[in-house]
Amino acid sequence: MKTVSTRWVVAGVAVVALVLAGVISFYASADPDGLTKVSQDKGFAHTETDHGAKDSPFAGYATKDVDNERLSGGLAGVIGVVVVLVLGTGLVYVVRRRKPAEPAANDERDREPVS
Amino acid sequence: MHVPDGFLDAPTSVTTGVVAVAAVGVSLVKARNELDDKTAPMAGLVAAFIFAVQMINFPVASGTSGHLMGGALAAVLVGPWTGILCLSVVLLVQCLLFADGGITALGTNITLMGLATVVVGWLVFKGLQLVMPKRLSLTALQAGIGAFVSVPVAALLFVALYAMGGTADIPLDTLTTAMVGVHVLIGVGEGVITFLAVGAILAVRPDLVYGARPILERRQLEIRTSSTTGASA
């Protein structure tokens, strides 16, 4: 069985994610998604209220004050990928740290004063 | 399927908020058992990948698009509890940074896309794994079918929530038909993307696919038996 190191798999997936969000997203369909379309067709789209974060610098996957559409969307996408990656990885780190004391760490502390 | 502010009334939004908080809370505890040296480096990455793919809306019918939800994908790659955490991070960032999915609807969106698609996708996947031949090559297909089923089920759950507390008076039968109809089509896309993504990781490192572990362990047991008999002979 061929073995690719975890590092390479991680790097590969990260590159794919960055390219999708930063470049390919420009070519995504601009049509309303399933729920939005149904809300328009069935007549409840008007019940949508203003979004509390509508003034976010990246609202609607566009970067504020960047006029080039390709750049504006691509930048928002790349920043989104990085933010999700950092938050997700950080969360995993916290969840794992809270694991009931790992035996290795205990051993070190216990053995300290001997000899 | 990001639900915006205003579609559902306050009591319903509070209810889904409580469900979402409970789901994330339980997942924070349960994910500890899933996160080892193999899944841990993958988890944040899977969340980032799902965020990226969610930006790629694909056309499904005249004037309608859809995008991956990713619940089944996350569950199969890093485990269902970790998957719920991954999707919750994605939905939180989309809501606060990109104004995608209402702030008062965050609980609703986590319930629909973070919880329902993970649970349905994982259960269908595990069910198929149980009844189908124990072959590694079937893992991606089983994940794809789980993903396909999860999308119309999430759409049905939205209809149920709308019946509970929709802010407009829409006949439920037409809403159900429309929602399920379009989301079956989106589900096909979900299934294909999940099949391809799981298949790609399986091809290079099957041990990094959480859902493939039972199959891999079986296979390793078989190999070990034959190699020990070979060594002792």
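None of these values were measured; they are calculated from a predicted model. Chain A is the first sequence line, chain B the second, and so forth, proteins listed ahead of strands; every chain is numbered from 1.
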Exercise for the section: Tell me, for B:Leu208 versus chain A, whether the close heavy atoms (under 4.5 Å) come from the side chain, the backbone, both or neither. Expected result: side chain
Completion exercise
Comparing A:Ser29, A:Ala17, A:Gly43, A:Gly88 against chain B, the one with the most heavy-atom pairs below 4.5 Å turns out to be A:Ser29
Exercise for the section: Please report the shortest heavy-atom distance between A:Val92 and B:Ala43, naming the atom on each side. Expected result: CG2-CB, 3.4 Å
Problem - Part of A:Val16 within contact of chain B (heavy atom distance under 4.5 Å) - result: side chain
Problem - Under 4.5 Å from a heavy atom of chain A, the part of B:Val46 involved - result: neither
Completion exercise
Taken to the nearest 0.5 Å, the spacing of A:Thr36 OG1 from B:Phe7 CZ works out to 6.5 Å
Handout entry: Neighbourhood of chain B inside residues 62-77 of chain A, taking heavy atoms under 4.5 Å as contact
Key = A:Gly73, A:Ala76, A:Gly77
Completion exercise
When every non-hydrogen atom of B:Ala48 is compared with those of A:Val81, the smallest separation belongs to CB-O, 3.7 Å
Fill in the blank from the handout: Honestly, the part of A:Asp50 sitting under 4.5 Å from a heavy atom of chain B is backbone
Exercise for the section: Check whether A:Val10 gets within reach of chain B through its side chain, its backbone, both or neither, counting any heavy atom under 4.5 Å. Expected result: both
Fill in the blank from the handout: Heavy atoms of A:Lys42 and B:Thr174 approach each other most closely as CE-O, 4.0 Å
Problem - A:Ala45 versus chain B, the contacting section by heavy-atom distance below 4.5 Å - result: backbone
Handout entry: Interface moiety of B:Leu97 toward chain A, non-hydrogen atoms closer than 4.5 Å
Key = both
Handout entry: Shortest non-hydrogen contact between B:Arg205 and A:Val9, atoms and distance
Key = CG-CG2, 3.8 Å
Exercise for the section: Heavy atoms only, distances under 4.5 angstrom: which of A:Leu91, A:Asp41, A:Thr6, A:Asp33 has the most pairs with chain B? Name it, please. Expected result: A:Asp33
Handout entry: Other residues, nucleotides, ligands: >12 heavy atoms within 6.0 Å of B:Asp37 CG
Key = no
Fill in the blank from the handout: Those residues of residues 155-162 of chain B that come under 4.5 Å of chain A on a heavy-atom basis, listed by number, are B:Phe158, B:Tyr162
Fill in the blank from the handout: Cut-off 4.5 Å, heavy atoms of chain A, and the answer for B:Ile201 is side chain
Practice task
Flag the one option from A:Leu87, A:Thr49, A:Val86, A:Val82 with the top tally of heavy-atom pairs under 4.5 Å to chain B.
Solution key: A:Thr49
Exercise for the section: State, yes or no, whether a side-chain contact exists between B:Ile56 and A:Ser25 at a heavy-atom distance under 4.5 Å. Expected result: yes
Problem - Distance (rounded to the nearest 0.5 Å) between A:Gln40 CD and B:Thr64 OG1 - result: 8.5 Å
Handout entry: For chain B, the option from A:Thr89, A:Val13, A:Thr47 that forms the most heavy-atom pairs under 4.5 Å
Key = A:Thr47
Fill in the blank from the handout: What one should report as the nearest heavy-atom pair of B:Asp5 and A:His51 is OD2-CA, 3.8 Å
Problem - Region of A:Ser5 in contact with chain B, defined by heavy-atom distances below 4.5 Å - result: backbone
Problem - Closest-packed option against chain A by number of heavy-atom pairs under 4.5 Å, given B:Phe49, B:Phe58, B:Phe51 - result: B:Phe51
Fill in the blank from the handout: Counting heavy-atom pairs under 4.5 angstrom with chain B, the leader among A:Leu18, A:Val83, A:Leu85 is A:Leu85
